[in-house]
Amino acid sequence: MEEVLKDHPPPPADGAGMDVGPSLREICAANRSDEKQQIKALLQNVGSSFCPDHSDWNADSHSRNADRSVLAKFLQAHPADYSTSKLQEMIRLMREKRFPAAFKCYHNFHKAESVSSNNLFYKMVVHVHSDSGFRRYQKEMRHKPGFWPLYRGFFVDINLFKANKERAAEIAKINNDLVGNVNNDSGSSTRDGLADEDANLMIKLKFLTYKLRTFLIRNGLSILFKDGPAAYKAYYLRQMKIWGTSPGKQRELSKMLDEWAVYIRRKCGNKQLSSSVYLSETEPFLEQYAKRSPQNQALIGAAGNLVRTEDFLAIVEGGQDEEGDLATEREAEAASLSPSVKETIQKNQGLIVFFPGIPGCAKSALCREILNAPGGLGDDRPVQSLMGDLIKGRYWPKVADERKRKPSSIILADKNAPNEEVWQQIENMCHSTRASAVPVIPDSEGTDSNPFSLDALAVFMFRVLQRVNHPGNLDKASPNAGYVLLMFYHLYEGKSRKYFEDELVERFGSLVKMPLLKPDRNPLPVPLRSVLEEGINLYDLHTRRHGRLESTKGSYAQEWVKWEKKLRDSMSAHSEYLNSIQVPFEFAVEQVLEQLRKVARGEYIIPSAEKRKLGSIVFAAVNLPIAEIQSLLNKLSGKNAEIEAFLKDKHMENTLKKAHVTLAHKRSHGVAAVANYGLYLHRQVPVELTALLFTDKMAAFEAQLGSVDGEKIVSKNQWPHITIWTGEGVAPKEANTLTQLHSEGKATRVEISPPITISGTLEFY
């Protein structure tokens with residue numbers, strides 16, 4: 001390749017060889033003695049478009065308390081519209097509750113000509129510093145569902161203006177009820193701290209589309225000017241795909257960004273300017289583009305009027321199209337990629353396949369199958385596997401060395417990669433060696449605090465205890481094999497399954513799932529579950545006292561010996577069950593190979609479950625494991641003659657395919673009521689079954705919902721229940737009438753004493 005490039009050199013890049021002026025380092029070095037002069041020199045060199053007047057940037061010309069004074073006036077002012085009142089409500093709450101957030105206000109010098117003592121313009125930057133702020137805000141939203149959603153950071157244009165008495169009275173009349181509701185009073189300003197002399201101070205704002213300007217425009221500049229429009233298009237389409245932008249909104253943005261790319265290249269020519277200057281040159285284009293149509297104005301938010309909130313949220317959240325439905329339709333997005341865009345994928349780059357898993361997840365066996373698969377991963381890149389148990393010394397530096405030695409190869413990193421520290425090493429390796437990385441994880445429901453369920457952990461332990469002569473000495477002969485598995489399991493502690501998967505997708509842009517457990521499996525046997533829970537408790541005691549000390553040492557050494565034997569006995573006793581709940585290994589290999597080949601071809605589509613939106617959701621419910629419901633029916637049938645007679649001809653093993661407790665339905669309770677359960681999405685909810693009610697037309701369990709994180713889950717249905725059967729032509733919703741029918745003597749009710757508790761997952765449907 002080097003000889004070909006010598007014989008046929010590529011054409012010169014845009015701007016190559018041109019004088020681009022002094023570098024940042026040179027400017028700072030020439031003005032090292034005076035910091036203020038250094039700042040002034042930097043601003044002068046970026047050009048007049050970015051800094052038309054140095055006084056704009058002179059901190060001494062502004063009050064150091066400008067932030068506080070502007071924010072106070074903003075909160076005291078009467079809102080001129082609904083959006084402003086909602087923003088005031090959000091910021092007032094965050095200030096009163098001392099959320100970890102910053103609110104910085106700056107003079108908007110682009111509006112300098114319009115400024116007067118009665119008409120002031122500012123830019124406000126809202127920045128949430130800590131994730132704890134979001135958790136606290138979500139709790140507040142549970143009590144006040146009308147609160148606006150909170151984002152990590154966004155910009156707002158603020159216009160503080162004095163209205164004459166007539167205009168002030170008109171606005172106050174329109175917004176009287178609104179402001180009263182927001183402030184939780186009758187509209188009186190005194191209780192809310194509003195100054196009497198500012199009674200006619202009004203305010204308008206607009207959101208600035210942070211993601212549009214920052215991610216799609218500024219961050220794509222280097223790609224546009226170095227690699228051309230096709231590569232830039234590939235960049236912004238991939239970015240929108242990650243956000244889950246709908247096809248409709250994607251088409252709008254693509255049309256605008258393609259026009260912008262032509263405009264900015266023509267405008268700036270071969271000049272090598274800073275990102276700030278490019279953006280200042282971009283603003284006139286965005287303003288003109290916004291003026292062409294109301295749709296463009298809503299899309300960009302740059303025409304001076306208030307941007308519709310739903311359009312801003314659609315861009316920030318990447319979900320809502322012009323009809324307002326939040327369907328993501330990722331398959332359509334992928335199909336819309338043109339061949340020229342797909343050609344920009346760098347096939348000569350390397351790929352690292354790694355495994356955020358636990359010993360026993362079958363990664364080594366999978367790596368062997370990938371190596372032996374006909375056609376590899378579908379391209380000409382060589383595939384090699386590096387088994388961690390066979391490599392001496394530090395593993396990941398060895399992988400980095402191999403990447404440098406064979407930069408276009410596909411490396412199967414056959415070693416568990418369980419935490420952010422390892423993931424960061426892989427990310428750094430990708431940046432330094434021009435590679436991509438794809439995580440392969442065992443598919444599992446997970447728990448509230450761990451991405452792997454106890455069922456998955458049991459299978460991993462079972463596999464490890466069947467090994468013989470394992471290269472890493474973790475097999476049936478290992479005296480502390482159970483402890484080692486628990487140690488790996490706890491490396492993931494504190495991450496829900498959703499958090500785990502979302503973080504991997506955010507870091508690496510893709511995710512491959514290896515099927516593990518059959519979806520229709522029976523629940524984990526109680527004795528086996530008890531052994532696992534006993535081990536987890538023992539591990540907690542051991543680590544609290546001894547940290548990472550081996551289980552064969554320390555004050556709990558004898559307890560570990562007893563538990564390891566109990567674990568092996570339990571695994572042996574339940575071997576038939578543990579074998580039966582696993583999907584066939586050949587099927588798992590086929591699924592992984594298919595997904596990896598898509599990644600290698602650049603055709604990966606983020607699974608729809610990763611970015612589920614609310615547009616197509618009809619109801620929220622707690623989904624219960626069907627096997628446990630079937631088991632309960634069998635027990636009740638054996639104990640109660642009425643239930644046995646009722647179930648005799650119902651063939652429940654064939655007819656009962658799903659079971660859930662409906663929490664809220666869009667038609668009955670509204671979209672907001674359904675959306676409010678989003679805080680508990682994918683969380684485990686205990687459900688207590690207290691009675692079985694039935695007639696000759698339907699049957700349902702009476703249910704009482706438990707709590708999540710100390711918060712009681714409350715169903716919007718007057719009678720929470722699980723419909724398990726309806727006769728021909730009877731709608732499931734008719735089961736709501738069972739309590740009324742029982743009070744009229746038309747339905748049978750059998751108490752379940754003591755009540756049975758079954759845990760299920762809260763989901764949207």
Side-chain angles (χ1 to χ4, degrees), residues 55-128 147-148 150-151 153-176 178-208 301 304-307 309 312:
S55 64
D56 292 354
W57 292 82
N58 186 355
D60 294 337
S61 65
H62 309 303
S63 167
R64 291 186 180 274
N65 296 320
D67 287 13
R68 296 180 181 178
S69 64
V70 173
L71 191 62
K73 286 183 178 293
F74 168 72
L75 293 175
Q76 291 170 357
H78 286 288
D81 50 40
Y82 178 75
S83 296
T84 306
S85 68
K86 297 304 291 182
L87 185 71
Q88 284 179 315
E89 179 184 42
M90 171 195 287
I91 294 177
R92 187 175 289 115
L93 170 73
M94 295 172 70
R95 293 261 292 175
E96 289 174 353
K97 302 285 187 179
R98 299 183 179 275
F99 278 30
F103 308 94
K104 296 183 179 179
C105 301
Y106 306 93
H107 289 283
N108 188 348
F109 292 103
H110 295 289
K111 300 284 187 178
E113 295 179 358
S114 304
V115 171
S116 69
S117 59
N118 293 330
N119 196 31
L120 303 175
F121 296 88
Y122 298 94
K123 287 185 184 293
M124 179 192 291
V125 181
V126 180
H127 182 197
V128 180
F147 273 148
W148 264 6
L150 182 62
Y151 301 92
F154 55 91
F155 302 101
V156 177
D157 266 0
I158 293 177
N159 176 202
L160 290 164
F161 62 94
K162 290 268 189 177
N164 58 40
K165 292 184 178 180
E166 291 76 15
R167 175 61 177 154
E170 178 185 346
I171 295 175
K173 182 179 180 181
I174 294 172
N175 290 321
N176 183 48
L178 167 67
V179 177
N181 290 333
V182 169
N183 292 334
N184 291 318
D185 59 33
S186 61
S188 171
S189 63
T190 55
R191 271 181 287 175
D192 212 50
L194 296 177
D196 293 339
E197 62 269 21
D198 286 335
N200 62 338
L201 181 64
M202 300 297 170
I203 188 169
K204 286 178 71 177
L205 61 91
K206 70 171 182 179
F207 277 111
L208 300 183
N305 294 324
L306 182 69
V307 177
T309 305
F312 170 73

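Predicted, not measured: the structure shown is a model, and the values here were computed from it. Numbers for residues simply follow the sequence, beginning at 1. Atom set for the values below is all heavy atoms of this structure, side chains included, hydrogens, waters and symmetry mates excluded.
Using a cutoff of 4.0 Å between basic side-chain nitrogens and carboxylate oxygens, Arg92 and Glu89 are not scored as salt-bridged.
Applying the side-chain contact (heavy atoms from CB on, under 4.5 Å) test between Met124 and each of Val70, Asp157, Ile91 identifies Ile91 as the sole match.
Distance check, rounded to the nearest 0.5 Å: OG of Ser83 to CH2 of Trp148 gives 4.5 Å. Note that the CZ atom of Arg95 and the NZ atom of Lys97 stand 15.0 Å from one another [nearest 0.5 Å]. In this structure, CG in Leu93 is found 13.5 Å from CZ in Arg98, a value given to the nearest 0.5 Å. Within the model, atoms OG1 of Thr84 and CD1 of Ile158 stand 9.0 Å from one another, a figure rounded to the nearest 0.5 Å.
Judged by distance alone, with hydrogens and angles left aside, the side-chain atoms of Gln88 form a donor-acceptor pair with the main-chain N or O of Ala77 at under 3.5 Å. With hydrogens and angles ignored, the 3.5 Å screen pairs a side-chain donor or acceptor of Asn159 with a backbone N or O of Leu120.
Aromatic ring centres of His107 and Tyr122 lie closer together than 6.0 Å.
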Item to check | Derivation of the side chain to side chain contact (heavy atoms under 4.5 Å, CB included) call for Val126 and Met90 | outcome: CA-CA 11 Å; Val126 180; Met90 171 195 287; 5.8 Å; no
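Applying the ring-ring contact (aromatic ring centres under 6.0 Å, His included) criterion to Phe99, with sequence neighbours excluded, gives no partner residue.
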